[in-house]
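One structure below.
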Amino acid sequence: MSGHLSPPRFSSHRRFLELKLSDLHKCSDLGSLLQIHSQIIRLGLHLDPFVAPKLITAYSLCRRPSAAAAVFDLVPNPNSHLFNTLIRAFSHNSLPSLSFLALSRMQLSAIPVDSFTYHFLLKSSMGILRRLEVIQAHIVKLGFLSDIFIPNTLIDCYSKVGEAGIIAARKVFDEMPMKDVVSWNSMIAALARAGEIWDAKQMFDEMPERDTVSWNTMLDGFVKSGEVDSAFDLFRKIPDRNVVSWSTMLSGYCKKGDFEMARLLFDKMPVRNLVPWTIMISGYAEKGLAAEASSLLDRMENAGLVPDSAATISILTACSESGLLALGKRIHTAAKKKKQNLTTQIGNALVCMYSKCGDLDDSWIVFNEILVKDLVSWNSMLQGLAMNGQGKRALELFASMKEEGITPDRVTFIGVLCACNHIGLIKEARWHFASMKKDYGIIPEIEHYGCMIDLLGRGGLLMEAYSLAKTMPFEANAIIWGSILNSCQVHNNVSIAERIVDELIDMEGIDTGDIAIISNIYASAGRWDGMAKARMKMKDMGKQKQAGSSWIEIDDAVHEFTVGDRMHHQADRILKMIDRLGKHLKHLGSAVEAA
DNA sequence: ATAGGGTTAG
C-alpha cells in the first residue's frame, strides 16, 4: 500500500487542527465544534491562552453559553481577555445577570477590567436604561470614555431604550471631545430610530465626512419613517452604493407595495446576496402575492442560493401574515433538507406560520420537534390552538407549560383568555384575568381587556361588557366597540347597541360594517324606522372606508371574501352552506339550553 | 505570528 507516502499520523492531525484553529471562533455548527473540541483536548490545547477564548466564542456562536462557561472554568488563572470573552458569550446569549456575575468574579480575583469589559457589559444591558446609567458612571470614573469605542457603544445602547434614552445618547454625543464617523453614524441612527427623521437629516448634512454607512443609515431612516420618495432622492445621490443601499431601497418599495419599482431596482442591482432575495420574496409573500413570491424563490434556488436562518424566518413570518401555506411549507421542506437540528427560532416561526394558516396538525408536529422550547414557542402554540377553536387543548397546554416551569407573560395570557373565549368559559377567564396580576405581577393591557370584553359580550353579559369597556384604564377602540356590537346582534340587544353606535360616532370610528350590524339589530327587533335611518347613513358614507376581507388558500388558489360580496364563482353554494351551518349551530344551541 | 470592541439591509 502507499502508507509510506503519508506523513506521520500525529503531524497530519496537527496540521488539520491548525487549519481549523485559525477559524475556530467563527465555527457556528455545534457538531463540528464538538469534534474539534475533542481533538483540542486530546492535544492538551484547551488551556492555551489563544485557544480557550476561541472555544468560548465558538460555543457562544452555537448558542451554548453553559458549554462556554465550562471551558472557562477549566482555565486555572483566567486573564482579562478570557473574562471579557466570557462576558461577551453571556451578552450574546441574553444572560445579562451572568455577565454581571462574571464582573464580580473579576473584581473578587483582582483581575483588571478594561474598556472591553465595559463594552460587553453595555451590550448585555441593551434596553435597560437604569443599568446603562450605572455602567456609564463606572466608565466615567475609570476613564474609559477616552476610548472612542465606548461612547460610540453608549450612543447605540442608549438609543435603543426609547424616549429617555435618546436624550442620554445625545448628551454622550455632545460631550465627546473627538468624534469619528461612527459616532456621527450612530447618532443619526439614534435620531432616526426615535422618529426624529429631519433632525437626523440635519445632522447628516452637518457631519464633516460621510462614508457609505452614513448614507445607508440616512436612507434606512427615511425608509423606516415611510418617506420612500425622500429615500429615493437620497439613494440617487449616494456616491458608492453597495448591496446594503440597494436592499434598503428595495425594502422601502416592498413595504409600500410598489412592486414595480422594487422589481425594477432588484433586476438592476449589480450584486445580489441572500438579503435582497429575501426582501423581495417576503415582500411579495407579505402582500399575499403567492405566485410572484414562489417564482422568485425558484429563481433564487436556480441561482444556487440556499435560504439561511434569517431568510427562512423572514419568509415564514411573511407567510404567516398573509396565510400563504403552500409557500410556508416549501420553506419548511427546504429547511429540513439542510439536515440541521430545528433551532428554537425557526421552530417558533414554523409553529406561528402553520397556526396562522390554520394547519394545526403541522403546527403541533413542529412544536414537538423543537428540542429547546422557549417562552415564544409555548406562546405561539398556545395562541395557535386558541385561535383555531381548540380552547380546551390550549388550556391543557397552558397547564403543561407551567408544569415545565415556564413563567407565563402578557402574551401567554392573551392566548389563555382567547382560549376561554372560544369555549365560552367566563368563570375561568375571570379567574385567569385576576391571577395574571395577583400571581405573576402582569398588569392587564388593552388586549387583555379586549379579550374579556369580547368574552362577556359573547356570553350575553352585554351590560358588564359595556361597563368594563367604559371603566378600564384604556380608551376603548373601534375593534372593542365592534365586538360588543356584534354580540348585541347575537343577543338582540337594541339599547346597548345604540349606546355603542354613539360611542363609535363620537370617536369617528364607525364604518359601514357597524352600520350594517345596527341595521340588522333594528330589523330583527322590528324597528323599521331605525333600520331605514341606518341604511341611509350607510349610503351616505359610501365606500369611504375599505372593507376588511378574509381569504383562504386551497390547492394553491387564493379565495378572497369581503362583507356582502357575491363575487366568488361558487358564492351560491357557499352562502347555502353558511346558512345550513347557522341553522345547525342554532339547533345545537337550543339543544344545549334545553339540557 | 496567534485573541475581545462601535454605525447600515432580510
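Chain naming here is simple, since letters A, B, ... match the order of the sequence lines and numbering starts at 1 in each. Worth saying up front: this structure is predicted, and the values here are computed from it rather than measured.
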Would you kindly give the [atom1]-to-[atom2] distance between [X] and [N], to the nearest whole Å?
{"X": "A:N216", "N": "B:dG10", "atom1": "CG", "atom2": "C1'", "answer": "14 Å"}
{"X": "A:K201", "N": "B:dT8", "atom1": "NZ", "atom2": "P", "answer": "20 Å"}
{"X": "A:F222", "N": "B:dA9", "atom1": "CZ", "atom2": "P", "answer": "16 Å"}

Taking the six-membered ring of A:F72 (Phe, Tyr or Trp), confirm whether the NZ or CZ of A:R105 is under 6.0 Å from its centre and within 45° of its axis. no

So, does A:K224 get its side chain near the phosphate of B:dA9, meaning an N or O under 4.0 Å from OP1 or OP2? yes

Does A:R193 make a side-chain N or O approach to OP1 or OP2 of B:dT8 shorter than 4.0 Å? yes

Regarding [X], tell me which of base, sugar-phosphate or nothing describes its non-hydrogen contacts under 4.0 Å with the strands shown.
{"X": "A:S282", "answer": "nothing"}
{"X": "A:L274", "answer": "base"}
{"X": "A:S251", "answer": "nothing"}
{"X": "A:N242", "answer": "nothing"}
{"X": "A:D211", "answer": "nothing"}

Under the 3.5 Å rule, do the base of [N] and the side chain of [X] count as making a donor-acceptor pair?
{"X": "A:D308", "N": "B:dG10", "answer": "yes"}
{"X": "A:N273", "N": "B:dA9", "answer": "yes"}
{"X": "A:S115", "N": "B:dG5", "answer": "yes"}

Show me, pair by pair, the donor-acceptor contacts under 3.5 angstrom made by side chains of residues 283-294 of chain A, not counting sequence neighbours?
residue : atom : partner : partner atom : Å
A:Y284  : OH   : A:R263  : NH1          : 3.0
A:K287  : NZ   : A:K255  : O            : 3.3
A:S294  : OG   : A:R330  : NH1          : 2.9

Give every residue pair that meets the salt bridge (Lys or Arg N to Asp or Glu O under 4.0 Å) criterion with at least one member in residues 207-218 of chain A, sequence neighbours excluded. none

Do side-chain atoms of A:N242 reach the backbone of A:V244 as a donor and acceptor pair under 3.5 angstrom? yes

